[in-house]
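Single-structure report; data block below.
Because the structure is a prediction, the values reported are computed rather than measured.
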Amino acid sequence: MESFTTLLPVGSISNMKAELVLLERHELPESSFAELRIWRVPTPVRGSNHNYKYSLAYVVADECVLRYDNEAGKGDHKHIGAAEVRYWFKGPEQLLDDFWADVDEWSAT
């Protein structure tokens with residue numbers, strides 16, 4: 001976890017204390033950007049079995065074309081275009097690797 005850039009010491013999600021682990025925005029070519037948010041939470045988000053809440057989004061021309069998240073009740077999943085598929089969370093580092101691999105794949109098309 002030491003490799004993450006922490007911009008703020010504490011965040012808040014649904015009235016729960018949460019530690020902000022990563023908050024980054026990357027401006028990318030061709031009117032696109034990636035926004036990455038990862039929190040460490042005291043208890044797992046409903047539907048997940050780990051202590052992280054995350055939202056990673058890739059936006060092209062003002063449209064979110066790729067998003068990884070674990071909203072309460074749905075658990076870990078990703079959106080690729082209009083499709084939603086289950087995502088097998090293996091840790092924050094792997095999450096970031098998988099997200100950037102999908103961004104690279106999307107950008108290549």
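Atoms CG and CG, from D76 and L95 in turn, are 8.5 Å apart once rounded to the nearest 0.5 Å. With rounding to the nearest 0.5 Å, the separation of OG in S55 from CG in L36 is 9.0 Å. Here the CD atom belonging to E35 is positioned 10.5 Å from the CD atom belonging to E24, to the nearest 0.5 angstrom. Separation of atoms CG (N70) and NZ (K53) is listed at 5.0 Å; rounding is to 0.5 Å. Here S48 contributes atom OG and K74 contributes atom NZ; the two are 12.5 Å apart, rounded to the nearest 0.5 Å.
Within the cation-pi definition used here (under 6.0 Å to the ring centroid, within 45° of the axis), R37 does not qualify as a partner of Y54.
Looking at heavy atoms from C-beta onward, R40 lies out of side-chain contact with L20 at the 4.5 angstrom threshold. Taking the side chain as every heavy atom from C-beta outward, L56 and I38 approach each other to under 4.5 Å.
For H26 and W100, the distance between ring centers is under 6.0 angstrom.
When all heavy atoms of H77 and G75 are compared, the closest pair comes out as ND1-O, 2.8 Å. Listed here is the closest heavy atom pair of D69 and H79: OD1-NE2, 3.8 Å. Closest approach of V41 and T43 over heavy atoms only: CG2-O, 3.0 Å. For S32 against V60, the heavy-atom pair with the smallest separation is CB-CG2, 3.9 Å.
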field: Test side chain to side chain contact (heavy atoms under 4.5 Å, CB included) applied to V65 and I80, step by step
entry: CA-CA 6 Å; V65 296; I80 302 174; over 6 Å; no

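Under the 30°/60° scheme for interplanar angles, the aromatic rings of Y52 and F89 are found to be tilted.
A donor and an acceptor atom, one from each side chain of Y87 and D98, are located under 3.5 Å apart. With no hydrogens or angles considered, no side-chain donor-acceptor pair links Y58 and D102 at under 3.5 Å.
Other residues, nucleotides and ligands contribute at most 12 non-hydrogen atoms within 6.0 Å of the CD atom of E105. By the 6.0 Å contact criterion, CD on E27 is enclosed, its count of non-hydrogen atoms from other residues, nucleotides or ligands being greater than 12. Other residues, nucleotides and ligands place no more than 12 heavy atoms under 6.0 Å from the CG atom of D62.
A chain of hydrophobic side-chain contacts below 4.5 Å, direct or via other Ile, Leu, Val, Met, Phe, Trp or Tyr residues, connects W106 to Y68. Hydrophobic clustering of Ile, Leu, Val, Met, Phe, Trp and Tyr side chains at less than 4.5 Å, counting indirect connections, keeps F33 apart from L22.
N51 places a side-chain N or O within donor-acceptor distance of the main-chain N or O of P42, the cut-off being under 3.5 Å.
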